[in-house]
Every structure is written in structure tokens, then in C-alpha cells.
There are 2 protein chains.
Amino acid sequence: MSDCILFAKRNDMAKKKEKEMEADFSAEERLKEAAIKVFTQKGYAATRTRDIAKEAGLNLALLNYYFRSKEKLFEIIMMEKLQQLFEIIIPLANDPSTSLDKKLTAIASEYIDMLSVNENLPLFILHEIRSNPERFVSKMQVTKIFSDSVMIKQIRERRSDINPIHFVINILGMVVFPFIAKPILFSSGQVDDKAFGVLINERKKLIPLWVKAILKAK
Amino acid sequence: MSDCILFAKRNDMAKKKEKEMEADFSAEERLKEAAIKVFTQKGYAATRTRDIAKEAGLNLALLNYYFRSKEKLFEIIMMEKLQQLFEIIIPLANDPSTSLDKKLTAIASEYIDMLSVNENLPLFILHEIRSNPERFVSKMQVTKIFSDSVMIKQIRERRSDINPIHFVINILGMVVFPFIAKPILFSSGQVDDKAFGVLINERKKLIPLWVKAILKAK
DNA sequence: GTCTATAAGGGGATAGAC
DNA sequence: GTCTATCCCCTTATAGAC
């Protein structure tokens with residue numbers, strides 16, 4: 001019984017703390033953060049603006065007051081998230097002063113760190129782009145990774161006999177795929193959140209090693 | 001002018017051929033095929049039952065007549081597609097009579113062939129599972145790949161110092177990731193449908209080579 | 001079995017009070 | 001700026017004719 005009271009009190013305090021933390025952000029910021037959470041989790045089509053408002057602890061009218069429409073709010077978030085994905089790799093892949101090996105280490109490490117705190121990002125982006133390719137294609141500076149990047153040139157120097165895109169696909173796949181396949185890994189029962197954390201941390205060191213190995217493979 | 005007539009005639013015949021082929025299938029089958037196409041392309045939430053009926057060249061009421069609801073139709077398709085994904089890899093991964101190298105060759109080849117004619121499948125499955133993990137987890141026999149498969153044992157024999165799940169992730173990632181990332185590859189302008197076909201065909205031979213290389217990498 | 005027409009409900013957006 | 005109440009369209013599902 002006293003346990004119950006203590007527990008209730010602790011819960012109250014946690015709630016209060018939460019409220020206070022929320023209060024540090026404006027309604028606009030809270031709606032945007034809520035929208036990021038819900039959109040990236042469920043995708044555009046499956047999210048209801050009511051869910052976003054509820055997640056933010058605010059009401060639906062505010063969403064339209066600040067962002068005009070679900071569509072416009074989505075567009076803002078999508079652009080930000082595309083930016084977030086590309087701003088990591090483009091400068092790293094185009095740095096002429098680093099070796100290919102250094103690039104691999106940097107990309108694996110920085111991408112995995114970013115995705116660890118944005119686990120839903122890859123699947124969200126990939127799903128939304130496919131639902132509406134023409135809409136976002138122009139916004140993506142993919143050329144800067146896949147065709148005329150310094151990294152592509154460095155890969156070509158090592159393996160002129162294989163299309164360098166193969167290796168870019170492999171690097172990105174090794175980094176991104178675990179996050180995309182997470183629900184499947186978990187369903188095996190062999191992986192939980194802790195084990196997943198260990199795995200992706202190991203991959204920071206393993207991926208550069210692996211990529212060097214496949215660059216040599218005959 | 002005569003070209004136009006010929007062209008029109010050819011189109012008419014193509015149309016007729018199409019109609020005849022459609023007629024070979026019952027309304028139920030046509031609706032299901034249409035549903036597979038639309039669901040896997042746009043995802044559950046974004047597809048409207050009207051789109052499915054239209055795609056099948058039939059009307060909305062028929063869909064409910066045969067399948068009761070959008071939900072039930074989706075469930076049927078989802079189960080079939082999960083089956084389709086797992087039935088390829090599970091027997092291959094659990095064949096005690098083949099070497100690990102043979103398994104890699106078989107998995108890469110058969111998966112790539114299947115995904116080539118079901119390009120939307122991976123992203124569809126992954127997106128829907130994440131939107132509703134608890135719903136499908138029990139239906140997936142993932143354990144048979146990730147923990148107690150023959151392949152896992154064979155991997156462990158070669159590299160006892162690294163969690164074998166890493167290698168399964170890498171194999172599947174190398175096979176599946178190009179299909180998931182297709183819209184991004186295309187947006188680079190470097191890859192079109194023909195080039196994509198060439199790439200994934202090359203990967204059938206390259207992936208086993210690469211996996212052998214990373215198994216040795218120190 | 002297949003169709004048209006319509007009911008029922010959900011969800012995005014706004015009006016108007018405070 | 002923030003809220004409640006409400007509008008109205010769009011979508012799923014069904015009734016009922018053929």
C-alpha cells in the first residue's frame with residue numbers, strides 16, 4: 001500500500017518534470033518534434049494530424065495555425081531529414097585530403113552514430129521517396145556521392161574493373177541495413193535493444209575492414 | 001498515315017490480347033493481383049480500395065464481396081509475401097549437404113532473381129512490419145535463419161570471434177539493399193532500368209566473392 | 001456474380017470564443 | 001496564441017437492382 005503511494009508520487013513527479021521540459025519549447029517546436037516522431041514512425045499516409053497534436057500535448061487547430069496543413073508540415077520535415085542524411089556523407093566523400101580508408105572509417109562511424117538516435121530515418125525516407133519519387137529527387141544531391149565524388153575516384157583507382165557504384169551500395173548497405181531490418185532482427189528473439197546496440201557498435205570498426213576486404217576480393 | 005493505322009491496329013490487338021489474358025483470370029484473382037501491385041507499391045495506409053478495383057478493371061463492391069474488407073485482403077497478401085520471402089532462404093540456409101560457399105551462391109542468385117520480378121517487395125514488407133511489428137512477428141520464422149540454421153553454424157566454424165549475425169546481415173543487405181535504394185540510385189541520373197539490371201546481375205557473382213572476403217578479413 | 005447508388009464514419013481543415 | 005465545436009470531403013463498406 002505504501003508502495004503504491006510512493007509509486008504514485010514518483011509518477012506525479014515524473015509527469016511534472018516532463019511538463020516542465022515541454023514548457024521549455026514553444027508550441028511550434030513541440031508540434032514539429034511530435035510530427036517528426038509520428039511521421040518517421042508511421043509514414044505520411046498512416047499518420048493522422050490528431051496523433052501529432054496529441055503527441056505534442058496540444059490540439060489539432062494549432063497544427064494548422066503554425067503549419068497551414070499536414071502536407072506543408074510534412075514537406076518541412078522531409079526536407080530537413082533529407083538534408084540531415086546527406087550533410088554527413090557529402091563532405092566526407094568529397095574531402096580530397098583524406099584517403100579512402102579514412103573516408104570509410106569516418107562514414108561508418110558518423111552514420112552509425114546519427115542513425116542510432118534516428119533509427120526510423122532510413123526506412124521513413126526510403127518509403128516516402130518511393131511513394132513520390134519525382135517530388136524529392138530534385139532535392140537530393142545524390143550525384144555528389146554516386147558519380148562525381150572524390151570517393152568514387154579513389155574507389156576507381158583501386159578497382160578499375162568493377163563499377164564503383166557497387167562499393168558505394170555495399171558501404172551504405174552495411175551501415176544502413178541493420179536499422180532497416182531491425183524489426184526482423186528483433187523478431188528472431190536473438191536480438192534485443194541492448195544486443196542491437198552492441199552489434200552496431202561493433203560494426204563501426206568492422207565495416208571499414210570489410211570494405212577494404214571486398215575492394216581486394218578476386 | 002499508314003504508319004498511324006498500323007500502329008493503331010497493333011495497339012488494338014495488344015489491348016485485345018490484354019483483355020483476353022485478363023479474362024483468363026477470375027474477378028477474385030484479378031482483384032488479388034491488383035491488390036498486390038497497389039499495396040506493395042504504396043503501402044497499406046496510402047492505398048485506397050478504389051485504386052485496387054480500378055487497377056483490376058472492376059468495381060469496388062466486388063472487392064468487399066470476395067475479401068470482406070481492405071484489412072482482410074491485406075492480411076492475405078502480407079502472409080503470402082512473407083511466405084515468398086522466407087521460403088527461398090530457409091531451405092537453402094538449412095541444407096546440411098551444401099558448403100557455406102554453395103549456400104552463398106545459391107542465396108544471392110535465387111534472391112536476386114525473385115526480387116527482380118518483385119522489386120517493391122522488400123521495402124513493402126519492411127515498412128509494414130515496422131508499422132505493426134507485433135502483428136507479423138509471430139508469422140515470421142526468422143529464428144530459422146538467424147539463430148539455429150545450418151548456415152549460422154558454418155559461419156561460426158569459420159569465424160568464431162565475430163557474431164555470425166553480422167554476416168547474415170551483410171549477405172542479406174548486399175542482396176536486398178539495391179532494391180530498397182533503387183529510387184535513390186535512379187535519382188543520381190547514373191542508373192536507369194537497363195543499368196540497374198546489369199548491376200544486380202553482376203552482383204549475383206560478386207556477392208559470394210565479397211562475403212568470402214569479409215569472412216577472412218582481419 | 002457484378003453493378004450503381006448510398007450509408008456511415010474518419011480525418012483534415014476552419015470558425016469563432018477566449 | 002490557444003482552445004472547442006463543427007464543417008465537409010474522402011474512403012470504406014453495404015444495400016439492392018440486374
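Lettering of chains follows the sequences in order, A, B, ..., and the numbering in each one begins at 1. This is a predicted model, so every value here is computed, not measured.
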State, with a plain yes or no, whether a side-chain heavy atom of B/Asn120 is found less than 4.5 Å away from one of A/Arg130.
yes
Find out whether B/Leu73 and B/Lys70 are in side-chain contact, i.e. whether some heavy atom of one side chain is under 4.5 Å from a heavy atom of the other.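 No, side chains not in contact.
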Legend entry - Distance below 4.0 Å between B/Asn59 side-chain N/O and C/dC3 OP1 or OP2: yes
In this structure, NE2 of A/His127 is separated from CD1 of A/Ile125 (nearest 0.5 Å) by 11.5 Å
Atom [atom1] of [X] to atom [atom2] of [N]: distance rounded to whole Å?
X       : N      : atom1 : atom2 : value
A/Asp51 : C/dG12 : CG    : P     : 8 Å
B/Arg48 : D/dA13 : CZ    : P     : 15 Å
A/Ile52 : C/dG11 : CD1   : P     : 13 Å
B/Phe25 : C/dG1  : CZ    : P     : 17 Å
B/Phe67 : C/dG1  : CZ    : P     : 12 Å

Q.
If the threshold is 4.0 Å, N to carboxylate O, is there a salt bridge linking A/Lys182 and A/Asp193?
A.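 A/Asp193 and A/Lys182: salt-bridged.
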* To do: If the plane angle is over 60° it's perpendicular, under 30° parallel, otherwise tilted; pick one for B/Phe74 and B/Phe124.
  => perpendicular
Is the B/Trp210 ring parallel, tilted or perpendicular to the A/Phe167 ring (thresholds 30°, 60°)?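 B/Trp210 vs A/Phe167 ring planes: tilted.
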Winner on side-chain proximity to B/Leu58, out of C/dC3, D/dC3, C/dG1, is C/dC3
Quick tally for nucleotides 13-18 of chain C: nucleotides whose base has a protein heavy atom under 4.0 Å get B, sugar-phosphate-only ones S, the rest -, giving BBB---
